[in-house]
Amino acid sequence: MFPYIFIFIYLGIFIVILVSIFTSKSKKVKINVEESEKYKNDAYKLIANNEKLSEQRKKHNFLSAIKGALLIALFASFCFLHTLGYFAVYIIIAFAIILVILIFKGEKDNVIFDEIIPSILKDNYKDLKYDHKVGISSSIYREARFEGYDRYHSDDYMEGKVCGYDFIMSEVHTERRHTDKDGHTHYTTIFHGTFSKVTLDKSLDCFINICNNRIKLFSRDKYITIDNEAFEKIYDVFTDDKIKAMRLLTPDVTSKMIDLYNETGIYCEVKIHNNLLYIRLYTGALFNFSFSNPEKEAIMVGKSLAVIDSVLKIMENFIKEIEEFDV
Amino acid sequence: MTPFVVIIGVIVLLLFLEFNSIIYLKNRAKRSYSTIDVFLKKRFDLIPNLIETIKGYTKYEGETLENIVKLRNSFDDGDYKAGEKLNNTYNKLLALTENYPKLKASENFLHLQKQLTKVENEIAASRRLYINDVTNYNTKIQKFPHMIFALFIGARPMELLSFATEEVKVKF
């Protein structure tokens, strides 16, 4: 009777691990398909003809097969723990160590990030520099005065020009620390998406904050209602100069933000502090990539590039509005 | 006895919050109306400069200019009806400038035009702000169950802006 209970427990753990792997992959951002199609085709041409990537894919598949085999072996060893005795414990420990090493080692150097994405970005955006290993410093993110956090991570750094202004953009992940009753520390995500900053020549001499709906109890004097019902359902606007905010947030600007949400499902937050424009989009990981086949890999790259497109469009809209703005 | 006191306490607290909320929204709408007024005054403050600039280029609009000065003085003295007339005459005057190409090309006039465009945008923004605030207030006092308390304290719907004035498009 004893080993069967263990088998059920291990089976349960195994199922939980599998479910968590699949559910984490299903949390994808809904991106405009038409936009990503353009990039998908560009990416497919590069991906399909890249020998280095083909080798990396083979290596990845081989390692995945080993990981799978080790997982099954680990499970089997647990099942026969009572018959194999101490010998099984050694096998389990050895398998577990190899598995952990393989999982954590991962594939750090990836042709997709080193060659293919930079190449597509270079073809589509002039002067855009990309480095997937670097991010925006936390001090720049903090100066935008979004919410506080305990852990900060940033990568996929980009810099370039939009409407003649320098901008920086990168993926940012902020988390808050919690300690439970047993003293264990947990981290919960506050924001995971794309963050960008543009420094403009013109200063609006005010702050305007467009954010997702929130409680307005302590800042309702700075809150303004916008004459766009769809916009009001999703966003709140806080400002210290209501007239300037109303002038800037014309029906055209607000409907463009709503269009972005309707087409892509992406929430967009905008902060304007005098001459600084900060935009962050709830896109999740900017470049969601895992090895598969060239077709699927091209779709993944295409979607990520469509996100960059959306950020740049929003940036352009606001820059144009601010440029036309007579302070 | 104690539960009864707690229930009464909660009801009083809710009424207190409800009252404050209605008053807050009403005052917010009133403040937005004052903002429109501020920008209208700012617009009419450009009149002396505008008249000075126009005088040098036009000979036939003396009556219009005099009329504008009179209306502006009445508006400054608190005659808000004069404001409406002033608005119409002011718009007509700007339309008349179309007939004077030299005036349109003058640096002073171009500067005034720029200022005027800015004030017009500010007026439009303040009007939108007022309309939104009034809509919020009206929606609050007309919705159930807020309407019961609103009736009790005599809160009445506020009027949205009506643009009965003759709109003249100014082409720069």
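Protein chains get the first letters and strands the later ones, always in sequence-line order, with residue 1 at the start of each. Side chains included, hydrogens not; waters and symmetry mates left out as well; all remaining heavy atoms used.
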Query - Passing option when F146(A) is tested against Y282(A), Y141(A), Y278(A), F191(A) for ring pair (Phe, Tyr, Trp, His ring centres under 6.0 Å) - result: Y141(A)
Query raised in the report: Is N275(A) reaching over with its side chain to a backbone N or O of L200(A), donor-acceptor style, under 3.5 angstrom?
Result: yes
Query - Under the side-chain hydrogen bond (donor to acceptor under 3.5 Å, both in side chains) test, residues paired with H184(A) that sit two or more places apart - result: none
**Report entry** Any donor-acceptor N/O pair, N209(A) side chain to I272(A) backbone, under 3.5 Å
**Finding:** no
Query raised in the report: Judged by atom type as modelled, is there a donor-acceptor pair below 3.5 Å linking the side chain of S154(A) to the main-chain atoms of E171(A)?
Result: yes
Query raised in the report: Is it true that E147(A) and R176(A) make a salt bridge, defined as a side-chain N closer than 4.0 Å to a carboxylate O?
Result: no
Give the atom names and distances for all donor-acceptor pairs closer than 3.5 Å across chain A and chain B.
from: R220(A); atom 1: O; to: Y24(B); atom 2: OH; distance (Å): 3.0
from: R220(A); atom 1: O; to: R28(B); atom 2: NH1; distance (Å): 3.0
from: D221(A); atom 1: OD1; to: Y24(B); atom 2: OH; distance (Å): 3.3
from: Y223(A); atom 1: O; to: R28(B); atom 2: NH1; distance (Å): 3.2
from: Y223(A); atom 1: O; to: R28(B); atom 2: NH2; distance (Å): 2.5
from: T225(A); atom 1: O; to: N132(B); atom 2: ND2; distance (Å): 2.7
from: T225(A); atom 1: OG1; to: N136(B); atom 2: ND2; distance (Å): 2.7
from: D227(A); atom 1: OD1; to: R128(B); atom 2: NH2; distance (Å): 3.1
from: D227(A); atom 1: OD2; to: R128(B); atom 2: NE; distance (Å): 2.8
from: M246(A); atom 1: O; to: R128(B); atom 2: NH1; distance (Å): 2.7
from: L249(A); atom 1: O; to: R128(B); atom 2: NH2; distance (Å): 2.8
from: V327(A); atom 1: O; to: K118(B); atom 2: NZ; distance (Å): 2.8

Query raised in the report: Where does L248(A) contact chain B at under 4.5 Å (heavy atoms): side chain, backbone, both or neither?
Result: neither
